[in-house]
Amino acid sequence: KQEVTQIPAALSVPEGENLVLNCSFTDSAIYNLQWFRQDPGKGLTSLLLIQSSQREQTSGRLNASLDKSSGRSTLYIAASQPGDSATYLCAVPTGGGNKLTFGTGTQLKVEL
Amino acid sequence: DTAVSQTPKYLVTQMGNDKSIKCEQNLGHDTMYWYKQDSKKFLKIMFSYNNKELIINETVPNRFSPKSPDKAHLNLHINSLELGDSAVYFCASRQRQGSGPYEQYFGPGTRLTVT
């Protein structure tokens, strides 16, 4: 059974800092890995999807890496801003790719 | 322009009532989902429909009955609501067939409170 964990559970950083969020999964046979952002009381916004054949995916200040063999993905946020404050979730397809199994989330706060 | 929409956004009701949540996607996707986010913010799959056919039912009580009248809609009906049903319910969709990239897109959520 696939299990997805994220560390840290919460993170508070000053504005401008570069930071790394971690996602670990127990079954390395994944099709892809998706990173989401969830603002308080809001839905999920897809940030990046990284295919199993890729090692990195970039969007603006965000860079996601994937190491299938070690069961890890990282989300790198450069030059963090207060607007980046949110909960970040990673998820992998399971059930033959028919559903997503989510990690436990990292709650990020970027302070002025 | 909304890709995945849900109604209502908030739903407050008493125990024992029956309620429905509606979901629509205008992305042309062939697969739709319902997820539940509990009080600890953990997201878990409930149902998945592909081309109006149920493909995943994740041991959800049969008080929950999804209905997909067409590929663009997936509604969730809940009978005899219980306190433990209080949560945020998210609808999502993706394109299952074809060349990918198979991203799932989520609706804004429906916050259900059972009193």
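Because only heavy atoms are used, hydrogens play no part in the values below, and waters and symmetry mates are left out as well, while side chains stay in. Below, chains carry the letters A, B, ... as their sequence lines are ordered, and counting in each starts from 1.
- Between S46(A) and Q104(B) the shortest heavy-atom distance is CB-O, 4.3 Å.
- Nearest approach of Y35(B) to L100(A), heavy atoms of both residues: OH-N, 3.1 Å.
- In the hydrophobic clustering of ILVMFWY residues, with side-chain heavy atoms under 4.5 Å counting as a link, Y10(B) and L83(B) come out apart.
- Residue pairs satisfying the disulfide (SG to SG under 2.5 Å) criterion with at least one member in residues 2-92 of chain A, sequence neighbours excluded, are listed as follows: C23(A)-C90(A).
- For Q37(B), the part lying under 4.5 angstrom from a heavy atom of chain A is the side chain only.
- No more than 12 heavy atoms of other residues, nucleotides or ligands sit less than 6.0 Å from atom NZ of K22(B).
- By the side chain to side chain contact (heavy atoms under 4.5 Å, CB included) test, N63(A) is found to be paired with E56(A), T58(A), Y76(A), residues two or more places apart in sequence or in another chain being considered.
- Heavy-atom contacts from other residues, nucleotides or ligands closer than 6.0 Å to CZ of R55(A) number 12 or fewer.
- Q38(A) approaches F90(B) most closely through the heavy-atom pair NE2-CZ, 3.4 Å.
- Cluster membership for L112(B) and Y33(B), using ILVMFWY side-chain heavy atoms within less than 4.5 angstrom, is not shared.
- Under a hydrophobic clustering in which Ile, Leu, Val, Met, Phe, Trp and Tyr are joined whenever their side-chain heavy atoms come within less than 4.5 Å, directly or via other members, L44(A) and Y105(B) fall into different clusters.
- By the criterion of side-chain heavy atoms lying less than 4.5 angstrom apart, applied directly or through intervening Ile, Leu, Val, Met, Phe, Trp or Tyr residues, I50(A) is grouped together with L47(A) in one hydrophobic cluster.
- With a 4.5 Å cut-off on non-hydrogen atoms, Q107(A) does not touch chain B at all.
- At a heavy-atom cut-off of under 4.5 Å, chain A is reached by F42(B), L43(B), I45(B), S48(B), I55(B), I56(B) from residues 38-56 of chain B, listed in order of number.
- Screening residues 33-69 of chain A for disulfide (SG to SG under 2.5 Å), with sequence neighbours left out, gives no hits.
- Proximity to chain B is absent for every atom of Y31(A), based on heavy atoms less than 4.5 angstrom apart.
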